[in-house]
A.B. asks: 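First the structure, which I've put down as structure tokens, then a few questions once you've had a look.
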Amino acid sequence: MVNIAVLVSGSGSNLQAVIDACENGHINGRIKIVISNREEAYGLQRAKDASINAVFEKDEKRVIDIIEGEDIDLVVLAGYLKILSPDFIKRFENKIINIHPSLIPSFCGKGYYGKIVHQKAIEYGVKLSGATVHFVNEEPDGGPIILQRAVPVYDEDNADSLQKRVLEIEHELIVDAVKLYCDGKLKIVGRRVHTNGK
Ligand code: GRF
């Protein structure tokens, strides 16, 4: 059984998708702890409702201590609006994944979070957007890509409607990626991630 920590800053709908998939046995793992850098994050409530240990902690050193104390195999950043330090990333090398609401390498990196991502996609005029789950390295949104899925962008779209459409597929994508990780199917080969375990 893979021990998972989920880090959130907000609503935690991606967290909820992973909670549900662990509970119904689709994911061969268990969420041992949910940590938020924002006390009012609804994600903490979702964790409590699922009887998962929920912690509000802003200090990164303490976050590291907590994760190390829980014997965690996988750290999932699910709407965690804080850049991790190189020390954090090194300690959990190839064990941290993040979900980003665009098709990386478009509309990502420093400053691209929340609604801004979708606003920029609309302004640029792309016809497809989507979501990406990737391993985390020192470059913001720059680590090896695990899975991507696309959605259409329609003439009538604004940042809100596009965000909503992307969020729906995020919930599928994060579950698929965590499942692959927990089943031992992910192999990093240079910048590429093989998903067949070979
Ligand atoms: C998602 O769009 C995710 O891609 C981004 O932050 C948002 C979090 O949403 N990193 P939620 O808290 O999971 O509802």
Side-chain angles (χ1 to χ4, degrees), residues 2-18 21 27 29 31 34-35 37 43 60 63-64 67 72-118 120-121 124 126 128-151 162-163 165-198:
V2 174
N3 288 333
I4 304 168
V6 184
L7 273 50
V8 298
S9 300
S11 132
S13 66
N14 281 287
L15 162 68
Q16 189 66 54
V18 178
I27 289 177
I31 304 176
V34 171
I35 304 172
N37 63 325
E60 195 194 73
V63 172
I64 291 172
I67 293 176
I72 295 300
D73 307 297
L74 171 66
V75 178
V76 179
L77 308 183
Y80 190 60
L81 297 179
K82 222 178 156 192
I83 305 277
L84 301 179
S85 72
D87 178 46
F88 191 120
I89 293 165
K90 203 170 274 155
R91 273 173 202 249
F92 304 103
E93 205 176 4
N94 299 336
K95 288 183 175 173
I96 313 171
I97 68 173
N98 178 49
I99 182 148
H100 181 77
S102 77
L103 294 174
I104 289 175
S106 290
F107 313 115
C108 64
K110 209 164 173 281
Y112 282 87
Y113 61 90
K115 211 150 278 178
I116 299 165
V117 177
H118 306 290
K120 294 285 182 193
Y124 197 93
V126 292
L128 285 174
S129 190
T132 304
V133 179
H134 63 92
F135 281 106
V136 171
N137 65 10
E138 320 72 48
E139 197 192 327
D141 299 325
I145 290 171
I146 299 168
L147 291 176
Q148 295 190 297
R149 206 154 292 160
V151 299
L162 182 57
Q163 182 175 44
R165 191 172 310 118
V166 171
L167 194 58
E168 277 171 27
I169 58 150
E170 284 186 49
H171 299 156
E172 302 168 10
L173 205 66
I174 188 105
V175 166
D176 290 353
V178 172
K179 180 176 169 56
L180 285 167
Y181 187 97
C182 292
D183 290 343
K185 294 275 175 64
L186 299 180
K187 185 153 183 256
I188 302 177
V189 184
R191 267 213 57 85
R192 304 183 73 194
V193 180
H194 294 182
T195 57
N196 60 4
K198 294 178 197 142

A.B. asks: Is the shortest heavy-atom distance from the side chain of P101 to the side chain of Q163 under 4.5 Å?
C.D. replies: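 The answer is no, as the side chains (C-beta and beyond) never meet within the 4.5 Å cut-off.
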
A.B. asks: Can you tell me if K179 has over 12 outside heavy atoms packed within less than 6.0 Å of its NZ?
C.D. replies: yes

A.B. asks: Measure the CG-NZ distance between D141 and K110 for me, rounded to the nearest 0.5 Å.
C.D. replies: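 One gets 12.5 Å once the value is rounded to the nearest 0.5 Å.
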
A.B. asks: Rounded at 0.5 Å granularity, tell me how far CG in L74 sits from CD1 in I27.
C.D. replies: 9.0 Å

A.B. asks: State, to 0.1 Å, how close L103 and S129 come at their nearest heavy-atom pair, and which atoms those are.
C.D. replies: CD1-O, 3.6 Å

A.B. asks: Is the shortest heavy-atom distance from the side chain of L173 to the side chain of T132 under 4.5 Å?
C.D. replies: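 No - every pair of side-chain heavy atoms lies 4.5 Å or more apart.
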
A.B. asks: side-chain contact (heavy atoms from CB on, under 4.5 Å), that's the test. Do I64 and D87 meet it? Break it down for me.
C.D. replies: CA-CA 9 Å; I64 291 172; D87 178 46; 3.8 Å; yes

A.B. asks: Can you name the nearest heavy-atom pair linking C182 to I4, along with the distance?
C.D. replies: SG-CD1, 4.1 Å

A.B. asks: Is it the case that over 12 heavy atoms from other parts of the model lie below 6.0 angstrom from the NZ atom of K120?
C.D. replies: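 12 or below, so no.
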
A.B. asks: Counting heavy atoms not belonging to F92, are there more than 12 under 6.0 Å from its CZ?
C.D. replies: yes

A.B. asks: When the ring planes of F107 and Y112 are compared, do they come out parallel, tilted or perpendicular, using 30° and 60° as the limits?
C.D. replies: tilted

A.B. asks: Would you give the length of the straight line joining atom CG of L180 to atom NE2 of H194, rounded to the nearest 0.5 angstrom?
C.D. replies: 13.5 Å

A.B. asks: Between E138 and I89, what is the shortest heavy-atom contact and its length?
C.D. replies: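 Here E138 and I89 meet closest at CA-CD1, 4.0 Å.
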
A.B. asks: Taking all heavy atoms of L15 and all of A78, pick out the closest pair and write down the distance.
C.D. replies: N-CB, 4.3 Å

A.B. asks: Find the distance between CD1 (I96) and CG (N137) and round it off to the nearest 0.5 Å.
C.D. replies: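 That separation rounds to 9.5 Å.
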
A.B. asks: If every non-hydrogen atom of V8 is compared with every non-hydrogen atom of G43, which pair is closest and at what distance?
C.D. replies: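 Between these two residues, the closest heavy atoms are CG2-CA, 4.2 Å.
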
A.B. asks: In the structure I gave you, are the side-chain heavy atoms of V133 and N98 within less than 4.5 Å of one another anywhere?
C.D. replies: no

A.B. asks: Under a 3.5 Å distance rule, please check whether Q148 uses its side chain to pair with a backbone N or O of I104 as donor and acceptor.
C.D. replies: yes

A.B. asks: Report the C-alpha separation of I35 and I67 in whole Å, then their side-chain angles, then the decisive distance to 0.1 Å, and conclude whether the side-chain contact (heavy atoms from CB on, under 4.5 Å) test is met.
C.D. replies: CA-CA 9 Å; I35 304 172; I67 293 176; 4.0 Å; yes

A.B. asks: Roughly how far apart are E60 CD and S85 OG, rounded to 0.5 Å?
C.D. replies: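 OG of S85 is found 3.5 Å from CD of E60.
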
A.B. asks: If you round to the nearest 0.5 Å, how far is CG of L186 from CG of N196?
C.D. replies: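 Here the interatomic distance stands at 10.0 Å.
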
A.B. asks: Taking side chain as C-beta onward, heavy atoms only, is L162 less than 4.5 Å from V151?
C.D. replies: yes

A.B. asks: Please find the pair of heavy atoms, one from S9 and one from N37, that lie closest to each other, and give the distance.
C.D. replies: OG-OD1, 2.7 Å

A.B. asks: Regarding H171 and S13, do their side chains bring together a donor and an acceptor under 3.5 Å, going by distance alone?
C.D. replies: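 Side chains of H171 and S13: pair found under 3.5 Å.
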
A.B. asks: Keeping the roles fixed (side chain from E170, backbone from I99), state whether a donor-acceptor pair exists under 3.5 Å.
C.D. replies: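 No; zero donor-acceptor contacts below 3.5 Å.
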
A.B. asks: Any donor-acceptor pair under 3.5 Å linking the side chain of N3 with the backbone of I72?
C.D. replies: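 The answer is no, because no donor-acceptor pair under 3.5 Å joins these two groups.
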
A.B. asks: Are any non-hydrogen side-chain atoms of I146 and Y181 less than 4.5 angstrom apart?
C.D. replies: no

A.B. asks: State which residue, out of V75, V178, L147, fulfils the side chain to side chain contact (heavy atoms under 4.5 Å, CB included) condition with I97.
C.D. replies: V178

